[in-house]
Student: 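Input: one structure, supplied below.
Fair warning: this is a prediction, and the values are worked out from it, not measured in the lab. The first residue in the sequence is number 1, and the count goes up from there.
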Amino acid sequence: MAKPIYITTPIYYVNAQPHIGHAYTTIAADLMARWHKLAGRDVFFLTGTDEHGNKIAEAAAAQKISPQELTDRVAMQFEAAWRALDIDHDYFIRTTSERHAQAVRKILDAMRNARTPDGQEVIYSGYYEGLYCTGCEKFLTEKDLVDGKCPDHGTVPEALKEKNYFFRLSAYLPQVKEAILSGRVQILPEEKRNEVLGLIDQELTDFSLSRERVSWGIPLSFDPSQVAYVWIDALSNYISGIGYADDETHFRKWWTDGHVIHLLGKEILKFHCIWWPAMLLAAGERMPDEMFLHGWFTVDGQKMSKSLGNAIDPHDMVGQFGADGTRYLLMTQYPFGIDGDIQASRFVTQYNADLANDLGNLVSRVIKLLAANLEGVIPAVAKGIDGQAELQAQAVKTADSAYEHIIGYRPQAAIAEGIALVRATNRFFNDTTPWKSAKAGEMERLGGILRVCLEALRIVSITLYPILPSKMTALRTMLGCDDSTLTLEHARAFWGLQEGTVLTVPEPLFPRLETKRKAEEAAPKASPESSESDGLIDISHFGKVQLRVAEVVAAESVPKADKLLRLQVALGSEQRQIVAGIAQHYSPDDLIGKRVVIVANLKPATIRGVESHGMLLAAKAGKRLVVVTVDGDLDSGASVS
Ligand code: ME8
């Protein structure tokens with residue numbers, strides 16, 4: 001018997017709202033869990049929220065609410081986002097739950113009572129002195145800093161000295177390394193495995209697993225004046241959520257006897273691939289089987305962040321593309337293991353091309369022809385139709401090839417298998433011209449062609465079910481298929497429909513979306529057109545525009561471009577160059593010292609060979625153009641709302 005599969009996502013911090021970065025990993029895990037179920041595996045899928053630590057306490061204080069209020073509120077938002085995206089997790093673990101606290105105490109007690117392979121204490125007390133970044137919730141070294149600041153958060157870390165309990169990580173590194181080298185613990189993709197091995201060879205130091213000065217956390221049972229370090233707390237979710245402290249049988253089934261898969265983003269590699277296996281070894285538990293670290297994506301070339309205001313809310317996407325459309329779009333942008341860029345401005349085009357045209361139209365053309373000529377009844381199999389053998393051969397292999405891609409962590413390729421079958425079926429439909437048979441009264445041939453298309457669609461409804469669960473369920477209902485045939489096995493045989501079943505004409509599965517220029521170009525981009533034309537960009541859609549006050553510190557004309565001026569502006573502590581099409585309205589000297597308003601969160605563009613990073617706001621009436629400026633003593637960098 002194949003082992004049960006236990007699959008997890010990271011648990012997300014509740015100091016920010018859910019965005020499509022969180023959705024990305026969660027959809028991938030959901031897709032994989034559904035695939036393994038199709039293949040007949042027993043699967044448990046866990047996700048949840050990471051709710052302790054100073055970062056959360058500070059976020060709550062900034063909103064003048066208690067940490068518990070904040071965590072309750074944001075955890076609900078994560079759960080709501082996953083409902084909206086049709087995420088079918090088996091349990092949602094919250095680290096402020098009693099169930100979780102019990103598990104954290106249990107694993108720390110187990111570590112506290114254990115001895116390292118060479119007989120030393122696993123947990124020992126000592127003093128920690130270092131530079132702590134609350135944004136990262138970790139200590140940084142001098143060489144991590146850029147200009148004295150955390151490179152990820154741009155903040156100066158705090159110098160801390162406190163009594164802590166330390167985990168003797170060093171005693172477990174040889175075993176962790178061996179497990180990775182032998183393949184007992186698989187770290188994927190390959191280059192991440194190498195990165196982990198490289199880190200282990202740098203002889204990582206022991207780390208402190210408790211905090212004295214943090215109060216928003218889980219007190220240690222052996223010293224309640226300290227709380228568990230938030231990463232120790234967070235990693236333990238993978239066992240607390242399946243009953244480590246309160247349901248032994250469940251825990252043994254999914255952890256000890258299961259095949260454990262952690263999906264995560266690449267930035268939390270060290271915690272997962274080194275600390276976590278070492279903690280488990282120390283506590284006498286099995287290490288996970290596979291950890292897949294996917295890349296990070298930018299949105300229209302920019303890092304997604306709260307401060308840039310460009311984080312896309314999953315609900316906004318679901319509102320426009322539906323749950324299935326959103327899942328599809330997010331998973332098909334670039335291969336899973338690498339970094340990528342998501343071009344929100346192309347979503348509508350892609351949705352229309354793949355889902356509305358290729359898949360939706362195929363379904364409606366087949367069903368309409370059937371309803372109009374054969375009373376909507378699933379016809380008999382006919383012989384001698386050109387192209388049928390080829391389509392059939394491709395169809396019966398589709399789901400197996402897709403599942404192989406899933407096992408290899410290539411969800412995009414798995415989806416592409418399903419879409420390739422849709423396209424092949426469309427070609428078959430077009431090449432066999434069934435509408436001509438209908439006109440000519442060749443009902444047997446018409447029926448034969450449509451039956452082939454319906455069978456191919458049945459296989460599509462299984463292959464694309466994991467990414468499009470609700471639409472493929474609707475398609476299956478229409479084809480008269482129930483859940484008992486929703487399996488990989490049923491996608492391997494070509495003939496599976498019940499002749500004589502009456503089908504109904506469905507609502508369009510994927511109604512075409514408006515491709516108004518506005519919607520297509522909603523994500524702001526500093527292209528030469530946008531800055532030299534009417535300058536209008538749609539801010540109602542994705543990628544909220546961030547307006548900020550900037551002070552012009554230098555201005556000059558651009559050679560051979562009589563409309564353009566090149567401005568240097570101060571934006572807080574940053575200096576930027578902006579090219580603006582205002583030379584016919586302002587001389588360079590007019591502008592120096594003016595506090596203008598710019599769209600600050602655009603990716604740099606090159607205009608007539610000159611780089612421009614941002615866009616100036618101006619009001620226009622007829623031929624007159626006036627640059628928007630602000631009065632008063634606002635500093636440059638201030639945001640405009
Ligand atoms: O790190 N591209 O939580 P977090 C791809 N609480 N994935 C992205 C992404 C992007 N632009 N942005 C976020 C934490 N993610 C800890 C984890 S686990 C024991 C504790 C996804 O809220 C990706 O999965 O910062 C990444 O690892 C995770 O969100 C980070 O979420």
Student: Taking the six-membered ring for Trp, are Trp254 and Tyr6 parallel (under 30°), tilted (30 to 60°) or perpendicular (over 60°)?
Tutor: tilted
Student: I'd like to know if Glu285 pairs up with Arg252 as an ion pair, taking the criterion as any Lys NZ or Arg NE/NH1/NH2 lying under 4.0 Å from an Asp or Glu carboxylate oxygen.
Tutor: yes
Student: We want to know whether Glu290 and His259 form a side-chain donor-acceptor pair, criterion being a heavy-atom distance below 3.5 angstrom.
Tutor: yes
Student: Name the one of Thr9, Thr26, Thr8 that satisfies side chain to side chain donor-acceptor pair (under 3.5 Å) with Thr47?
Tutor: Thr9
Student: So, for Ala60 and Leu70, which heavy atoms are closest and what is the spacing to 0.1 Å?
Tutor: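 Here Ala60 and Leu70 meet closest at N-CD2, 3.7 Å.
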Student: For Lys3, is there an ion pair with Asp289 - N to carboxylate O distance below 4.0 angstrom?
Tutor: no
Student: Is there a donor-acceptor contact under 3.5 Å linking the side chains of Tyr465 and Arg34?
Tutor: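 Yes - a donor-acceptor pair under 3.5 Å links their side chains.
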Student: Under the 3.5 angstrom rule, does the side chain of Glu489 hit a backbone N or O of Gly40 as a donor-acceptor pair?
Tutor: no
Student: Hey, are Arg105 and Ser221 close enough side-chain-wise for a donor-acceptor pair under 3.5 Å?
Tutor: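 Note: Ser221 and Arg105 side chains miss the donor-acceptor criterion.
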Student: With respect to Asp30, which candidate in Lys37, Arg327, Arg83 satisfies the salt bridge (Lys or Arg N to Asp or Glu O under 4.0 Å) definition?
Tutor: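 Only one option passes, and that is Arg327.
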Student: Taking the six-membered ring for Trp, are His36 and Tyr403 parallel (under 30°), tilted (30 to 60°) or perpendicular (over 60°)?
Tutor: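 It falls in the perpendicular class, over 60°.
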Student: Would you please say whether a donor-acceptor pair under 3.5 Å links the side chains of Ser240 and Asn237?
Tutor: no
Student: Provide the closest heavy-atom pair for Gln186 versus Gly183 in the form atom of the first, atom of the second, distance.
Tutor: CG-O, 3.4 Å
Student: How are the rings of Tyr132 and Phe139 set relative to one another: parallel (under 30°), tilted (30 to 60°) or perpendicular (over 60°)?
Tutor: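 The arrangement is perpendicular - the two ring planes meet at more than 60°.
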Student: Kindly determine whether Tyr12 and His19 satisfy ring pair (Phe, Tyr, Trp, His ring centres under 6.0 Å), including the steps that lead there.
Tutor: CA-CA 10 Å; Tyr12 307 109; His19 59 60; 8.5 Å; no
Student: Using the six-membered ring wherever Trp is involved, compare the ring planes of His262 and His272 and label them parallel, tilted or perpendicular (cut-offs 30° and 60°).
Tutor: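 Geometry flag for His272 against His262: perpendicular rings.
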Student: To the nearest 0.5 Å, how far apart are OG1 in Thr463 and CG in Leu488?
Tutor: 8.5 Å
Student: Are there over 12 heavy-atom neighbours, none belonging to Glu142, within less than 6.0 Å of that residue's CD?
Tutor: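 Count not over threshold, so no.
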Student: Below 4.0 angstrom, N of the basic side chain to O of the carboxylate: do Arg94 and Asp72 qualify?
Tutor: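 Looking at Arg94 and Asp72, the cut-off is met.
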Student: Does any part of the side chain of Gln333, heavy atoms only, come nearer than 4.5 Å to the side chain of Phe297, both counted from C-beta?
Tutor: no
Student: What's the spacing between Phe92 CZ and Phe78 CZ if we round to 0.5 Å?
Tutor: 7.5 Å
Student: Taking atom types as modelled, find out whether His490 and Thr487 have a side-chain donor-acceptor pair closer than 3.5 angstrom.
Tutor: yes
Student: Establish, yes or no, whether a centroid distance under 6.0 Å links the rings of Tyr238 and Phe271.
Tutor: no
Student: Would you say the ring centroid of Trp275 lies under 6.0 angstrom from that of Phe207?
Tutor: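 Distance test on ring centres: under 6.0 Å, yes.
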